[in-house]
Asker: 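Dropping a structure here in structure tokens format, bear with me for questions.
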Amino acid sequence: MRKNNGGHGGVIINISSLAGLTPAAYQPVYSASKHGVIGFTRSIAALASIGNYGVRINSVCPAFVDTPLLESIEKEENMGELFKYKDRIKDMMKCYGVLDPSLIAKGMIDLIEDDASNGAVMKITTSRGIHFEEFGVQQKTKI
Ligand SMILES: NC(=O)C1=CN([C@@H]2O[C@H](COP(=O)(O)OP(=O)(O)OC[C@H]3O[C@@H](n4cnc5c(N)ncnc54)[C@H](O)[C@@H]3O)[C@@H](O)[C@H]2O)C=CC1
Ligand SMILES: CCCCCC(=O)/C=C/C=C\C=C\C=C\[C@@H](O)[C@@H](O)CCCC(=O)O
């Protein structure tokens with residue numbers, strides 16, 4: 001894909017979660033993996049910029065979205081010993097609301113179309129819609 005390896009360049013969007021930016025007490029492994037997605041995305045975005053890959057790599061961090069994934073918290077085989085907290089997660093959904101998947105699609109199209117975005121961490125919530133995590137100037141990467 002990278003231009004310096006015979007590719008045509010392009011855009012990659014990695015799917016993290018708000019649980020990749022905040023602690024998620026009832027989903028620690030899930031939260032750790034989503035934190036990792038953000039660290040990886042920002043690091044590889046910096047490398048792509050330094051190496052003139054012609055590839056932009058961004059991440060998107062939605063709050064709860066109305067997909068079959070939400071049903072997985074109702075399954076003990078998924079949640080293990082944390083299954084006993086499923087009603088607390090459902091309370092969080094009531095509190096934060098549940099997004100329509102179409103808004104996530106819009107956010108992803110925005111990232112594809114914005115030629116300046118690289119290493120961006122887009123957050124999508126019911127209260128603030130599409131917005132971005134702000135990092136220090138020194139930590140930003142441009143392509
Ligand atoms: N639904 C939500 O509330 C949120 C979801 N996300 C993230 O969004 C992404 C998509 O999640 P949803 O659409 O909600 O989940 P989903 O469970 O509705 O869909 C996941 C899809 O991934 C496929 N899949 C699973 N393992 C796979 C594998 N090894 N190889 C290929 N495909 C595989 C499944 O067949 C399924 O079609 C996930 O990374 C999830 O963590 C992030 C924030 C909130
Ligand atoms: C912090 C609020 C926003 C969270 C948005 C979000 O990502 C919602 C996700 C909803 C359900 C995820 C279910 C995942 C289930 C499995 O991965 C399960 O194995 C997790 C087990 C608990 C753990 O992390 O140890």
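In listed order, ligands and their atoms are each counted from 1. Remember, predicted model here, so these are calculated numbers, not experimental data.
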Asker: Counting from 1, what ligand 2 atoms have a heavy atom of Ser72 closer than 4.0 Å?
Answerer: 13 (C), 14 (C), 15 (C)

Asker: Given the protein's heavy atoms, is any one of them under 4.0 Å from atom 26 (N) of ligand 1?
Answerer: no

Asker: Quick one: does atom 39 (O) of ligand 1 have a protein heavy atom under 4.0 Å from it?
Answerer: yes

Asker: Can you tell me which residue and heavy atom of the protein come closest to atom 12 (C) of ligand 2, and the distance to 0.1 Å?
Answerer: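 Going by distance alone, atom 12 (C) of ligand 2 is nearest to Gln27 NE2, 3.1 Å.
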
Asker: Which residue and non-hydrogen atom of the protein lie closest to atom 9 (C) of ligand 1, and at what distance in Å?
Answerer: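 Among all protein heavy atoms, the one nearest atom 9 (C) of ligand 1 is Ile15 CG2, 3.6 Å.
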
Asker: Which residue and atom name correspond to the protein heavy atom nearest atom 41 (O) of ligand 1, and how close is it?
Answerer: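 The protein heavy atom lying closest is Tyr30 OH, 2.7 Å.
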
Asker: Applying the 4.5 Å side-chain criterion to the ILVMFWY set and letting contacts propagate, would Ile112 and Ile57 be lumped into a single cluster?
Answerer: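 Unlinked, Ile112 and Ile57 end up in two clusters.
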
Asker: Specify the protein heavy atom at minimum distance from atom 24 (O) of ligand 2: its residue, its atom name, and the distance to 0.1 Å.
Answerer: Tyr30 N, 2.9 Å

Asker: Roughly how far apart are Arg42 CZ and Ile44 CD1, rounded to 0.5 Å?
Answerer: 14.0 Å

Asker: Within less than 4.0 angstrom of ligand 1, does Ser16 place any heavy atom?
Answerer: yes

Asker: Please round to the nearest 0.5 Å and tell me the distance separating atom CD1 of Ile12 and atom OH of Tyr53.
Answerer: 10.5 Å

Asker: Measuring to protein heavy atoms, does anything land under 4.0 Å from atom 21 (C) of ligand 1?
Answerer: no

Asker: If the cut-off is 4.0 Å to any non-hydrogen atom of Leu70, which atoms of ligand 1 fall inside it?
Answerer: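 The list of qualifying atoms is 3 (O).
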
Asker: Can you tell me if Ala63 has a non-hydrogen atom under 4.0 Å from ligand 1?
Answerer: yes

Asker: Nearest to atom 21 (C) of ligand 2 by heavy atom, Val29, Asn78, Val98: which?
Answerer: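 Going through Val29, Asn78, Val98 one by one, Asn78 has the nearest heavy atom to atom 21 (C) of ligand 2.
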
Asker: Treating Ser16 as the side-chain partner and Lys34 as the backbone partner, does any N or O pair qualify as donor plus acceptor under 3.5 Å?
Answerer: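 Yes, because the side chain of Ser16 sits within donor-acceptor range (under 3.5 Å) of the backbone of Lys34.
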
Asker: Using a plain distance cutoff, I'd like to know if Phe64 has any nitrogen or oxygen under 3.5 Å from a nitrogen or oxygen of ligand 1.
Answerer: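 N/O-N/O distance below 3.5 Å does not exist for this pair.
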
Asker: Suppose we screen for side-chain contact (heavy atoms from CB on, under 4.5 Å). Which residues come up paired with Asp114, at least two apart in sequence or across chains?
Answerer: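 Testing Asp114 for side-chain contact (heavy atoms from CB on, under 4.5 Å), a comparison that skips the adjacent residues, returns Ala116, Ser117.
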
Asker: Is ligand 2 under 4.0 Å from a heavy atom in the side chain of Ala24, in the backbone, in both, or in neither?
Answerer: neither

Asker: Is at least one protein non-hydrogen atom found at under 4.0 angstrom from atom 35 (O) of ligand 1?
Answerer: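 It does not: no protein heavy atom is found less than 4.0 Å away from atom 35 (O) of ligand 1.
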
Asker: Relative to the heavy atoms of Leu70, which atoms of ligand 2 are at a distance of less than 4.0 Å?
Answerer: 10 (C)

Asker: Report, as yes or no, whether the 6.0 Å neighbourhood of atom OH on Tyr96 holds more than 12 heavy atoms from other residues, nucleotides or ligands.
Answerer: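 It does not: Tyr96 OH has 12 such atoms or fewer within range.
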
Asker: One pair to check against side-chain contact (heavy atoms from CB on, under 4.5 Å): Lys106 and Ile124. What are the steps and the verdict?
Answerer: CA-CA 10 Å; Lys106 182 188 180 316; Ile124 309 179; over 6 Å; no

Asker: Take a 6.0 Å sphere around NZ of Lys86 and say whether it holds more than 12 heavy atoms from other residues, nucleotides or ligands.
Answerer: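 Yes, NZ of Lys86 has more than 12 neighbouring heavy atoms, counting only those of other groups under 6.0 Å.
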
Asker: Going by the order shown, which atoms of ligand 2 are within less than 4.0 Å of some heavy atom of Ser17?
Answerer: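 Matching atoms, with element in brackets: 4 (C), 5 (C), 6 (C), 7 (O).
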
Asker: Using a 4.0 Å cutoff against the non-hydrogen atoms of Ser17, which atoms of ligand 1 qualify?
Answerer: 42 (C), 43 (C)

Asker: Between Ile130 and Leu103, is any pair of side-chain heavy atoms under 4.5 Å apart?
Answerer: yes

Asker: Find all atoms of ligand 2 within a distance of less than 4.0 Å from any non-hydrogen atom belonging to Pro28, and give their numbers and elements.
Answerer: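 Those of ligand 2 that fall under 4.0 Å from Pro28 are 23 (C), 24 (O), 25 (O).
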
Asker: Can you confirm whether something in the protein, heavy atoms only, sits under 4.0 Å from atom 30 (N) of ligand 1?
Answerer: no

Asker: Report the distance from atom OG of Ser31 to atom CG of Leu18, rounding to the nearest 0.5 Å.
Answerer: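 Answer for the OG-CG pair, Ser31 versus Leu18, is 10.5 Å.
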
Asker: Is there side-chain contact between Lys90 and Leu70, with heavy atoms separated by less than 4.5 Å?
Answerer: no

Asker: Would Lys34 count as being in polar contact with ligand 1, using the rule that some N or O on each side must be under 3.5 angstrom apart?
Answerer: yes

Asker: For Phe40, is the CZ atom crowded, meaning more than 12 foreign heavy atoms sit under 6.0 Å from it?
Answerer: no

Asker: Distance to 0.1 Å, residue and atom name: give those for the protein heavy atom nearest to atom 3 (O) of ligand 1.
Answerer: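 Of the protein heavy atoms, Val65 N, 2.7 Å lies nearest.
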
Asker: Looking at atom 11 (O) of ligand 1, what's its closest protein heavy atom, distance included?
Answerer: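 Closest protein heavy atom to atom 11 (O) of ligand 1: Leu69 CD2, 4.2 Å.
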
Asker: Please state which protein non-hydrogen atom is closest to atom 12 (P) of ligand 1 and give its distance, to 0.1 Å?
Answerer: Thr67 OG1, 3.4 Å

Asker: Nearest heavy-atom pair of Pro101 and Asp66: which atoms, and what distance?
Answerer: CG-O, 3.5 Å

Asker: Flag the pair Gln27 / Leu82 as yes when at least one side-chain heavy-atom distance between them is below 4.5 Å, and no otherwise.
Answerer: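 Counting from C-beta outward, Gln27 and Leu82 never come under 4.5 Å.
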
Asker: Between Asn58 and Thr41, what is the shortest heavy-atom contact and its length?
Answerer: C-CG2, 3.5 Å

Asker: Can you check whether a protein heavy atom sits less than 4.0 angstrom from atom 16 (C) of ligand 2?
Answerer: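 Under 4.0 Å from atom 16 (C) of ligand 2, zero protein heavy atoms found.
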
Asker: In the protein, what heavy atom is nearest to atom 3 (C) of ligand 2, and what distance, to one decimal place, separates them?
Answerer: Leu18 CB, 3.9 Å

Asker: Any atoms of ligand 2 less than 4.0 Å from a non-hydrogen atom of Ala63? List them with their elements.
Answerer: 5 (C)

Asker: To the nearest 0.1 Å, how far is atom 43 (C) of ligand 1 from its closest protein heavy atom, and which atom is that?
Answerer: Pro62 O, 3.4 Å

Asker: With heavy-atom distances below 4.0 Å as the criterion, list the atoms of ligand 1 near Pro68.
Answerer: 18 (O)

Asker: What's the separation between atom SG in Cys61 and atom CZ in Phe132, rounded to the nearest 0.5 Å?
Answerer: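 CZ of Phe132 is found 10.5 Å from SG of Cys61.
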
Asker: Answer yes or no: are there more than 12 heavy-atom neighbours, outside Glu81 itself, under 6.0 Å from its atom CD?
Answerer: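 Not more than 12 within 6.0 Å, no.
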
